[in-house]
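These notes concern the structure reproduced below.
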Amino acid sequence: MALVLHSGAGNKNAYKALIAAEYSGVKVELVKDFQMGVSNKTPEFLKMNPLGKIPVLETPEGGIFESNAIARYVTKLKADNPLYGSSLIEYARIEQWMDFGATEIDAGLARWLYPRLGFGIPYNASMEEFAINFFKRSLDALNTHLANNTYLVGHSVTLADIVVTCNLYMGFSRIMTKAFTSAFPHVERYFWTMVNQPNFKKVMGEVKQADAVPPVASPKKAAAPAKEAKPKEVKKETPPPAKAAAEAVEEEAPKPKAKNPLDLLPPSKMVLDDWKRLYSNTKTNFREVAIKGFWDMFDTEGYSLWFCEYKYNEENTVSYVTLNKVGGFLQRMDLVRKYAFGKMLIIGGTPPFKVKGLWIFRGQEIPQFVMDECYDMELYNWTKVDISDEVQKERVNAMIEDQEPFEGEPLLDAKCFK
Ligand SMILES: N[C@@H](CCC(=O)N[C@@H](CS)C(=O)NCC(=O)O)C(=O)O
């Protein structure tokens with residue numbers, strides 16, 4: 001009998017086991033036609049979880065409730081699962097971060113979000129202030145840890161990352177706007193890196209950050225009876241336990257896809273793909289062939305060149321963390337691949353490493369949708385290249401060809417976005 005997870009399709013607590021299952025090669029199926037308020041009230045369900053809460057995992061040996069316990073069980077079905085680290089101390093730290101997720105992130109978020117949704121404790125402005133400060137303290141600690149660590153424990157994804165990301169998911173998608181999260185840049189980087197991992201994406205789909213703090217639900221709405229019985233649409237976030245009150249935050253219907261504004265610009269004589277090909281195919285005489293070819297084809301009206309420099313270079317104290325950070329940035333720039341080319345240099349023989357880059361964007365400005373959708377952009381200072389200045393032009397050349405030393409220092413690595 002396959003393992004059956006009893007939950008709606010978009011439940012952040014159910015995601016924990018589903019993502020762990022993807023990493024572990026374990027088959028877990030979501031129960032069919034789950035209806036909140038109906039399916040979780042049946043005698044069969046209550047036998048598996050007397051609390052009547054979801055998620056519940058149905059196994060051949062009976063039910064398991066509590067999402068962390070379910071995720072642990074699924075993880076342990078695979079012998080020596082790397083999701084549980086490779087030593088006792090790693091195991092302990094994985095457990096530590098999972099507890100942190102439950103008692104700091106989940107609890108902190110609940111105190112802030114649920115009163116606004118009219119669930120549980122009634123909304124009160126000074127209690128909210130306390131809740132936000134409590135939560136910020138937790139996020140600050142997480143941010144400090146992530147300044148020097150790509151993952152919570154060790155050098156790859158563990159169950160701690162799965163659980164804590166699922167805990168953060170509700171915050172990012174429901175209440176933590178960009179204005180709030182920008183104070184925690186490492187948490188931002190971590191969260192977006194995690195939710196874009198293929199095994200997370202398969203389960204969570206595309207994650208979007210909340211663009212506003214939900215308004216306080218009116219007492220009438222808050223007190224309204226649960227609409228739990230309404231069947232859920234697959235792949236949409238199931239509101240938190242407060243589904244009754246969560247009426248206040250209606251799900252939006254998908255909007256038709258608008259044409260990219262860059263496609264509306266006057267045509268350019270420069271074909272970016274030609275440049276990308278020339279760059280990739282030039283193996284010798286790079287300066288004479290590729291760099292010369294670049295300036296021959298560069299269209300100053302259709303494209304612009306930009307230098308970028310990481311704002312927090314002093315934090316780049318660990319080489320692989322710095323490399324991962326840049327790698328993640330380039331992954332997230334995928335949305336602009338048709339309209340951009342970039343070089344990112346990781347500079348220095350010893351830490352802290354400097355990260356500097358060169359980008360070509362279609363149009364005369366950095367495209368707004370990139371600024372809006374790729375949070376890394378804000379972590380860099382951007383300066384438009386003045387190509388009438390020979391010194392700046394030569395710097396462009398040096399960056400394109402990974403010149404070493406670069407500005408007097410060796411290169412740790414050079415990455416290309418093409
Ligand atoms: N600590 C539990 C939380 C379970 C929970 O609160 N589930 C909510 C949905 S996210 C629920 O079933 N609420 C229904 C209710 O409170 O009756 C876990 O991690 O599994």
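In each ligand, atom 1 is the first atom listed, and ligand 1 is the first ligand listed.
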Checklist entry - What part of Asn13 sits under 4.0 Å from ligand 1 if we count only heavy atoms: the side chain, the backbone, both or neither? => result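 Just the side chain.
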Item to check | ligand 1 versus Leu51: contacting region, heavy-atom distance under 4.0 Å | outcome: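 It is neither part, as no heavy atom is under 4.0 Å.
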Item to check | Within 6.0 angstrom of Arg395 CZ, more than 12 heavy atoms from elsewhere | outcome: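 Atom CZ in Arg395 is crowded, with more than 12 foreign heavy atoms closer than 6.0 Å.
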Next on the checklist: So if I count the atoms of ligand 1 from 1 in the order they appear, which ones are less than 4.0 Å from some heavy atom of Asn11?
Outcome noted: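 Counting from 1, the qualifying ligand atoms are 9 (C), 10 (S).
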Checklist entry - Considering only heavy atoms of Pro55, which atoms of ligand 1 have at least one such atom less than 4.0 Å away? => result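 Those qualifying, in numeric order: 20 (O).
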Next on the checklist: Quick test of your reading of the model: are Arg72 and Glu95 salt-bridged, counting only N-O distances below 4.0 Å?
Outcome noted: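 Glu95 and Arg72: salt-bridged.
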Checklist entry - Is a salt bridge present between Arg337 and Asp334, judged by a nitrogen-to-oxygen distance below 4.0 Å? => result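 The answer is yes: the pair qualifies as a salt bridge.
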Checklist entry - What residues form a side chain to side chain contact (heavy atoms under 4.5 Å, CB included) with Ser280, not counting sequence neighbours? => result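 Only Lys418 meet the side chain to side chain contact (heavy atoms under 4.5 Å, CB included) criterion with Ser280.
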Item to check | Results of side chain to side chain contact (heavy atoms under 4.5 Å, CB included) for Glu373 - residues two or more places apart only | outcome: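 Glu373: side chain to side chain contact (heavy atoms under 4.5 Å, CB included) contacts with Leu335, Phe369.
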Checklist entry - If you measure from atom 15 (C) of ligand 1 to every heavy atom of Lys16, Glu66, Lys53, which option wins on shortest distance? => result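 Nearest heavy atom to atom 15 (C) of ligand 1 lies in Lys53.
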Checklist entry - Which one of Val163, Ile64, Ile54 has a non-hydrogen atom at the shortest distance from atom 12 (O) of ligand 1? => result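 Looking at heavy atoms only, Ile54 sits closest to atom 12 (O) of ligand 1.
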Item to check | Polar side-chain atom of Lys384 near backbone of Glu365 as donor-acceptor pair, under 3.5 Å | outcome: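 No; judged by distance alone, with no hydrogens or angles, the pair does not exist.
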Checklist entry - Heavy-atom contact under 4.0 Å between Met36 and ligand 1? => result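 Right, Met36 reaches ligand 1.
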Next on the checklist: I want to know if ligand 1 touches Ser67 in the polar sense, i.e. an N/O pair below 3.5 angstrom.
Outcome noted: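 Yes, since at least one N or O of Ser67 sits under 3.5 Å from an N or O of ligand 1.
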